[in-house]
Each structure stands twice: as C-alpha cells, then as structure tokens.
Amino acid sequence: MVDQTKIAGKWQKKWKESKLFEKEKENKEKFFITTPYPYISGSLHIGHGRSVAETDIYARYKRMKGYNVLFPLGFHITGTPVLGISAAIENGDEKTIKTYKKYVSAYVEDEEEINKIIESFKDPQKVVDFFIPKMIDEYTQLGLSVDWRRSFTTGDMSHQQMVTWQFKKYKEIGYLKQGEYPVLYCPQDGNAMGEDDIKDGDSDAVEKQEWTLLKFKFGDKYLIAATLRPETVYGQTNLWINPEVTYYDVKVGQTTWVMCEKAAWKLSHQRKDVEIKQKTGELIGKKAFAPGLEKEIIILPGPFVDPDRGTGIVTSVPSDAPFDYTALRDLKNDKKTIEKYNLKREEIENIEIIPIIKTEKYGDKAGLKAVEENNIENQHDKKLTEITQEVYREGFHKGIMTKTCGEFEGMTVSKAKEAIKKKLIRENKASTFFETSRKAYSRSGGEVIVAVLDDQWFIDFNSKGWKEKAYKILENTELKPESYRKNFEEAFEWLDKRPCARKRGLGTKFPFNKEWIIESLSDSTIYMSLYTINHIVKENNLKRENLNDSFFDYVFKGELELEKASEETGVSKDVLKQCRESFEYWSPNDHRHTFELHLSNHLSFMMFAHAALLPDVHPRKISFHGLVMSEGGKMSKSKGNTVTLLDVKKYYGADIFRFYITNATTIESTFDWQQKEAESAKKTVEKIFEEIKEGIEKRKEGKVSSLYKSKYNRILKETTLYLEEMKLREYNHRAVFEMIHLVKHAKNNLEEDELKAFYNYILEGWIKIISPVTPHVAEELWENYGGEGFVSEAPWPKYDESLIDEKSEYIDSLKEKLKKDISEVLELAKVENPKKLTLIISSSWKYDFMKILKEKIKETRDQGVITKEIMVEESFKKQGKEVVKLIQDCLKHPNKIPEYSISQEEEKQLLEKNKKQLSQAYNLEIEIIQAENSNQGKAKSALPGKPALLVE
RNA sequence: GCGGGGGUAGCAAAGCCUGGCCAAAUGCGCAGGACUUAAGAUCCUGUCUCUUAGUGAGUUCGAGGGUUCAAAUCCCUUCCCCCGCACCA
C-alpha cells in the first residue's frame, strides 16, 4: 500500500522549494480566490478544512486552466475568545488548561516545556504567536496551494492600519453614529459580557428583554410594576407586592418611584438619574391608579413576587394570566391572610375578571379556562409555568383585543402590544426597563444585568444612500447558487445600526476613542485587498507610521500623486508603485468561497464596506458551502466528536480528506463526517493510485477504438464542465468513479494490446483531472508517468467533442444488456447442461416501426391517432394486431423504443462480432438468426435492440 | 413568530428548476459467486414485493388531495426536521 503521508510530505516540500504558489504580476490572466480566514480558538477542525479544501480544488483547477492564480489566507484573532482563553488559564480553569495542554502536546513532547507554554498563554499575544505557525502547518499538510508570504493576522500592524483608514473614511462619509445601547453587563467585573464571559452562556443563551414599566399614581409617588405584556393593562384587577420585601422611594429624575432595592440598583445602570431615598410605608390594602385601565386598583399581598425580577411589584391580570387567576382564587379562600393584612373580605370577593383578549381556543377568559381545564389546585402547581406559556402563545398569535380595550378593539394582540406600549409611554404612564432573560453570572461569579451605554459607536447601515450603493454591488456579484440572492436582499433590508466598537478584546483601537476596540466582524470586510500588497509591506519592513491614511489613499484608491504619497508616507516611490501595481493587477477578488452562515453578517458587511470605500474592487463571485457535522451531530467539545486537522493528518492524509469531503455531498449541503465513510474514501483513493500505476506500467502506443475514445472524451468533458461550475461532487463522480468504471470496462472487453493502447490514451488526462482533488497522489503518479514538471501546473486536458459518439456508446450498451439477459435466462431456463443459445433478431419491419413511432410520439400520446397514422403504411397493416399491441406496449413503456435507431443489419453485425466472446464466456454454441427465418414462437417477442433468446 | 433550507430505497446521497427513456445514478452496507491455504484487498452478480425461459404485475420517493394521457418531479393542504434572527466569532 502507498504511504499517503509520505507522498504528501514529499510533494508539499517540493512545491514549497520551487515556490510554486508564490506568484507575482505576470503577463497572464489572473485569478484571485479567497475564503474567510479562520478564527484562532484552538485546533483547526474539518469545518475549517472544508472551506479551504474546496477553495483549493478550484484554485488548482484554474491554475491548470492557465490562469495566474492567487490563493492567500490570513488569520482572525480579533475579539474576546483569545482573551477568554488567557483569562481561563489565568483563573486556573482546569478544563481549558487540559484542552490546550492536549493541543500543545501534539507539537511539544517535554512535559515541562508544555507547562511553560501553557503558562505563557496568560498573555493573549502568546496564544496567537504559538498558534499561527501551527495552523499554517496544519493547513499546509492539506496540500493547499496558498501563498503564505502574504498572510497576516487581524492583529498585525498592516491590518490595523488599514482598518483605521477604513473607519476614518466611514466617519468622513458620516456612516458612524454614537448613541445609547443596552448590553449585558457585569457590575462586579466592570465589563460588558459576551456569550463566552457568562457561565453556561454558550449552552443556555442569555438574552436582553425589554420590559414595560407601568406607573401607578400613588399619592405624589408612582408605584412601578414591570411587565412583558403591556397590552393587558385593560384587564388589571389588582397589584401584587411581596410582604417580605422592603420597598423604597426612589428618585428618578424629578419624580419618585416605588420599587424594591434590587430593581433600583439595576435601573441605576440603565439611566443616570436614579437615587434611593427612603423606605416606603405600608402598601397592602391601599389603592393605586392603574395606567391604561384608568381606575384605582387594590394592592394585595403576594409572597410569590420575586424581588429579583422586574421591580418587585406585579400587576395582576387574571383574565389572561393563569398565575394571577390562581393566586387571586387562593387569596379569596385564605381567611387567615385576609385578616392578617386587615383586608376587607368583601372587596376581594368582588374582584372580577375583565375579559380583554379573545381566542377561539380559550374564549375571552383564557386565564380561568386554562386553569380549570388543567385542574390547577393552587398557585404552587408546577404546571402553571407551562400553561402560562401556552396561553400567551395562543393569545399573541391568534388573539384579538375585545371592546373593553377601547380604541384597540379588534386589533391582533401582536400589534396591540406595541401600539399600547407606545401610547402609554407617550402619555407618560409607562417607561421601559431591560432585564436578562434568565439569572446569569459571569465566569468570575458576578451578577450579570443589562446596562445601557450612552456613548456606543454604531455603523449605521441606514445612512443615506448606502443601501442603494450596496444593492448595486450585490447586483454585480455572481452568486453560486443564485438562490441565495433573496437571502441577501432580506439581510440588506434588516441591517440597521450595528455597534462597531467594544470595550474589550483584541483588535484595532477605535480611532476616535482609544478606549474602544473595533468589533471583530466590522474589522474584517475589505481585507482581501491587503493580500495583494502585504508581502511587499513585510519585505520592505514598512512601519506603522508609513502605513498612514495617505498610503491607503494612494495604493487602494489611486487618489494621490505618487510624488506626494511618497512624501506623506515616507515610503520610497518604487515600493509605493510596486504596491499600487500589485493591487491593481490582482484586484478585484474574483471569487470568494464561504460558509453559508456568513451571508447575513460577514458577506453583507463586506458588500457594504466595498460599496462605501472600494466599489470597483468588490468580490465578483461568491460561492457557498454548507455545515460540517460529525457522526450525525454538531461538532462540539462537550460531545467529543470534533475531528481536527491533526486527526486527519494522522489517520487519513490530505488526499483522502480532500476527496472524501468533496465527494460525500454536494458543496452546499451539510457534510456529515463518518469515520466509516472516511475509511472507504481511503480505499477509493488507493484504488485510483493502483489503477493508474498499473496503467503506467502497461501502457503502449496503439490504436484505440472509437467507443473508448468516445467514453473517455465524454468523461473529460463532463469533468471539466462540472469543475468549472464548482460542482465538486459531480466532478469527483466523473474523474474518479466513472474513470474507474471505464477502466474496468476496458479490462473486461479488450485484448491485451488494445488495453495497453487504451491506457496510453487516457493516462495523461486522467492524472491531470484528479490532480485538483488529490494533488499529492497525482504528482506521484505524474512523476511515475514521466510527465514534465509538476502536474499542478500542467495544462488542463482538452476534450474532443467530435469524438463523443452517442451511437457507438448506445450499441455498446446493447451488448451489456444482452449479457444481462443471457445470464438471467440461463438461470431461469430449466435446461440441464445447456449446449446452444439462439439469438433471434427482431423482424426487420419493427425497426422501421420504431423509427416512425419515435417521431409520432413526440406529437401525440393518443393511441387511436397513432394507430391510425401508422396503419396507413401497407407494410405495417400486414402485421395487423401485432402492431396495435406494440403501440400499446410502447406507449406504456417508452423505454422500449430504442434511443438510437439502428438497422437490423447493424444489430446483426454487432452480434456476430461478439459471438465468439459470448460463446466463450457462457461456454455455449451460439447461433444468430433473424426473426423472419425463425419458426419459434419466441421470435415474435424480439424487439430492436433486444433479441429473443432460446436455450437448448 | 419571522426568514431560509430540507424530508427519496438498510444507511448516505443524486434526481425535482426544464413531467414521460425512473423501481429511481453513485457510494456504503448486505447476500451469492470468482480469486486465495486463509483473511484482507480486488473482480463479477444480486439487493422494494410477487411472478416468470426473461423483456410481466403490484406497491414506493414524509402524509393527504389536485392538474395531466403521464408526477419523486407542477399546484394546494398538512405533519415533521434543520439553520439564522445581530453586536457573537
């Protein structure tokens, strides 16, 4: 067996030594292809592998087609995850340490050394420094034809300077805005919280919810109740407060609000003018004026009220809240409590449900009905939560507001919700408040709440004229497949203000306030252009001060005179010119191959950014690939089903991976890694290798029949067309499986000399067409074959359309069918020791008949009409009923009509030619006669292309 | 909820746009055979059901209807699954 790893290593080394993929401007058509760079957060896995492997296959194809190909790749380090790794190690998080130890140990053996490296990871930059070279290695071992000289990370000076330039431009044009924005925040840590910063944040996401604060006039103060259902104000019957909780007068602006202490603390992170004054006096049994309802309602004791949700004051709507209904019912029966708080029993008894929302399922008292239907006994019933959700869902989607709701009568709940909220706020009867969707804590244990930042920077995609420009870019971009265009349009519509700076993370400092870091998707939108010049920047050791705004104005925009640009940047004219020319030569990015999930963020931002700054060089074509799963599930650390590129290297090798991942499914579908399938891919790659090797040994000049020329050229043609369209699965199917089939066919049918000539005819092309997908195996074979130079650079084989001969392939297929029929009949025939096989060729008139029928059937399927028209011919009339039967039969089974019309004579010749071979194969004497000369009953059942068989 | 994608034989996965040659490519698995001392690899044959000296019948492409001479493919209804819904890479 061939050692895949050895072959891969050998050729990767040779490619590197000959700088095969390091290209400069040339007098040749260029092709610049990119795929998004990976984010540094651990080892690369097959998900990363998919996008680069697919991109590489296409890059290699284009290279063989004669293009000067550029395929560069960088690395994304911006944002919080790398920081998270460092912080976790710093905090002694064992899981993280274990994970990274394992990873480092793949490269370093010495235990002490490993510990030292892990220790160094407390500095985020060290994480990056360690990972980048390893990742380049891991990618390289996949056989990527990447020009690594041009590589950078988003933390590199050149990238940062480019992004700084970009944001200054945004500001100039007026695309940057500043304003309020709610974020998840941990007061103890003093930081905004991303998913990674929150305990279990990845498995149980924390969301920001906007609550409505209802203001209940209470003397000169307001009691503040928080609700997620402002549309239910018309059904309020009472307020609940927790008798165990202390309530405070809180000065908010000029007015005094009443709420619990925790709520005031939260509120103080959302608005500046919050100040706790004093304890509020007794509330239970008193009345407050309910907004919306515009009536006084009573304040009742509710020990169930959670002071850590909302304000600690809850408004009660028994009509639509099963919980309120139950609590109220419980209280009515609870004499002890009523006495304890000196409540008037009668007053509570008289509280009546106010219907406000009507649904088909629950009528207009959903709270009551749901509780009764489910036999809820009291407020502690665990089913209540579930029922509440069900009632809410039903009401929200199907409910209509009743006439109690005044001007909102007849409105759907989903609409009324927003309308009523707006009205209350407008009338100063309500305000808003943000709460987390669940209780959450940061990794260091501090509570996570929602804070409102008042100086958040945004990119405003709704800035005047920007969207129109972006749509133009979209129109000019080819999409593969086109069906994604609608998604882009949706995404474009939906894009609004995007916060583009954060307080934490690695990245580029926000140019107008250095405390902020540019957010990590916003900083990765125009970097394709940087690939065109980055190696020049590095070679000439340009410094931060050189790469100032003038540098990019000149190189990317050509907006300055060379002289002036050189003066302003301190870069020599030669180098500047070299950058500009390289940029102009390689731009635009001809093709970008990406994961489909990037559509609504990265790819959309990319188009907007280009529309704003570099409209002439926007990427011209975008293709998509699907998700990667493993053994039927999403890859995740916790499941332990992640397949890394290191695993790939260890167990399979580059070519097998490349073949497997592009053959198992179409490019846009989800790919599911199955170890079993990977194993069989291995066999297939080995098989190609063996087959070609065998051919190389055997090949010899000679004559090749038109059938094999035809079959081979057809495969070549289809291979080329599919690969051009980046339909990699279909391409593999031809270049690998159909070629293997063809070789099998040749081995089974050709004489030794013919086979040698056949090999000689196909081998050069075959090695070439597998080269994009299995480049190492191809190089190895190419060397064996005696090909010139690298096959990676060899010209793509041309097919000869004129050699594709449908008819001879059809005739060949008749032979295959005949063999099948013979085997079948031999098995079924109860003839012991059969000696003779008679092949009865169909009567001559049937050939004419089929020809005519084939034409007629195109016009009509009406049996009567066809029969009439065919019976006009004397020769058919003679056959009488048999013709009618045949017409019937063929209409029902159109596959009986031969694809190609051959004559009786031609069929006879075909059989005669194969007589000997068949005779040998089945060890039978074979006789061939025409139906006209046979008196066998079977003779009638013979059809053109399908002789009747007789075994004796 | 909104938006997008999908449900095909034991499994994976084509076909669907542009209806007929579709009992449905291909790969895996499985069964039988060849080769082999044997295993593996490889090769050949088969793999919805029934039937048969073959080229016949029946039931299939999530479910139910419809259009059509003809539907996996077009239309309607319905069930189920997956993904995205932003500040997160």
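Proteins come first, then strands; the chains are lettered A, B, ... in the order of their sequence lines, and each starts at number 1.
The side-chain heavy atoms of A/V450 and A/V183, taken from C-beta on, include no pair separated by under 4.5 Å.
OP1 or OP2 of B/C44 lies within a sub-4.0 Å distance of a side-chain N or O belonging to A/K744. Contact check, A/K817 against B/U55: no side-chain N or O comes under 4.0 Å of OP1 or OP2. Taking side-chain N and O atoms only, A/R502 has a distance below 4.0 Å to OP1 or OP2 of B/C88. The side chain of A/K687 places an N or O atom within less than 4.0 Å of a non-bridging phosphate oxygen (OP1 or OP2) of B/C43. Under 4.0 angstrom from either OP1 or OP2 of B/G27 there lies at least one side-chain N or O belonging to A/H741. When the side-chain nitrogen and oxygen atoms of A/T670 are compared with OP1 and OP2 of B/A13, none of them lie within a distance under 4.0 Å.
Here the separation of B/U51 from B/A57, taken at their C1' atoms, is 7 Å to the nearest Å. Between B/A23 and B/G56, the two P atoms lie 11 Å apart (nearest whole Å). Rounded to whole Å, the separation between the P atoms of B/A24 and B/C76 comes to 30 Å. Going from the C1' atom of B/G62 to that of B/C16 covers 16 Å, rounded to whole Å. If you take atom P in B/U78 and the same atom in B/C83, they sit 24 Å apart, rounded to whole Å. Look at the C1' atom in both B/C48 and B/C30: the space between them is 15 Å, to the nearest Å. B/A41 and B/C35 have their C1' atoms separated by 11 Å, given to the nearest Å. On the P atoms, B/A31 is 43 Å away from B/A70, given to the nearest whole Å.
The distance from atom NZ of A/K727 to atom P of B/G15 is 8 Å, rounded to the nearest whole Å. Nucleotide B/C88 holds its C1' atom 15 Å from the CG atom of A/L506, rounded to whole Å.
Base-pair partner of B/C2: B/G84 (Watson-Crick or G-U wobble, both distances under 3.5 Å). Both distances falling under 3.5 Å, in either a Watson-Crick or a G-U wobble arrangement, occur for no nucleotide opposite B/A24. Shown here, B/C43 forms a base pair with B/G33; the pair counts as Watson-Crick or G-U wobble because both key distances fall under 3.5 Å.
A donor-acceptor contact under 3.5 Å is not formed by the side chain of A/N487 with the base of B/G4.
Each of A/K486 and A/E519 was assigned the nucleotide of RNA chain B with the nearest heavy atom; the assignment lying further toward the 5' end belongs to A/K486. With the nearest nucleotide of RNA chain B identified for both A/D821 and A/N748, A/N748 has the one nearer the 5' end.
The cationic group of A/K177 does not satisfy the cation-pi geometry with A/W457, failing either the under 6.0 Å distance to the six-membered ring centre or the 45° limit from the ring axis.
If you check every strand for non-hydrogen atoms under 4.0 Å, A/S483 touches nothing. When heavy atoms are screened at a 4.0 angstrom cut-off, A/L599 is found touching no nucleic acid atom at all. Residue contacts shown for A/T684 are absent, as no nucleic acid heavy atom lies under 4.0 Å away. Among the heavy atoms of the strands, none lies under 4.0 Å from A/S522. The residue A/K683 sits close only to the backbone: its heavy atoms come under 4.0 Å of sugar-phosphate atoms, none of a base. A/A948 comes within 4.0 angstrom of a nucleotide base, judged by non-hydrogen atoms across all strands.
Listed candidates were B/A53, B/A14, B/C87. Nearest to the side chain of A/R498 is B/C87. Between B/A53, B/C87, B/G84, one nucleotide has an atom nearer to the side chain of A/S600 than all others, and that is B/G84. Candidate nucleotides B/A53, B/C28, B/A13 were compared by shortest atom distance to the side chain of A/S680, and B/C28 ranks first. Closest to the side chain of A/D496, from the set B/A86, B/G27, B/G3, is B/A86. The side chain of A/K208 lies closest to B/C87, out of B/A53, B/C87, B/A86. For A/H733, counting side-chain heavy atoms from C-beta on, the closest listed nucleotide (B/A25, B/C87, B/A86) is B/A25.
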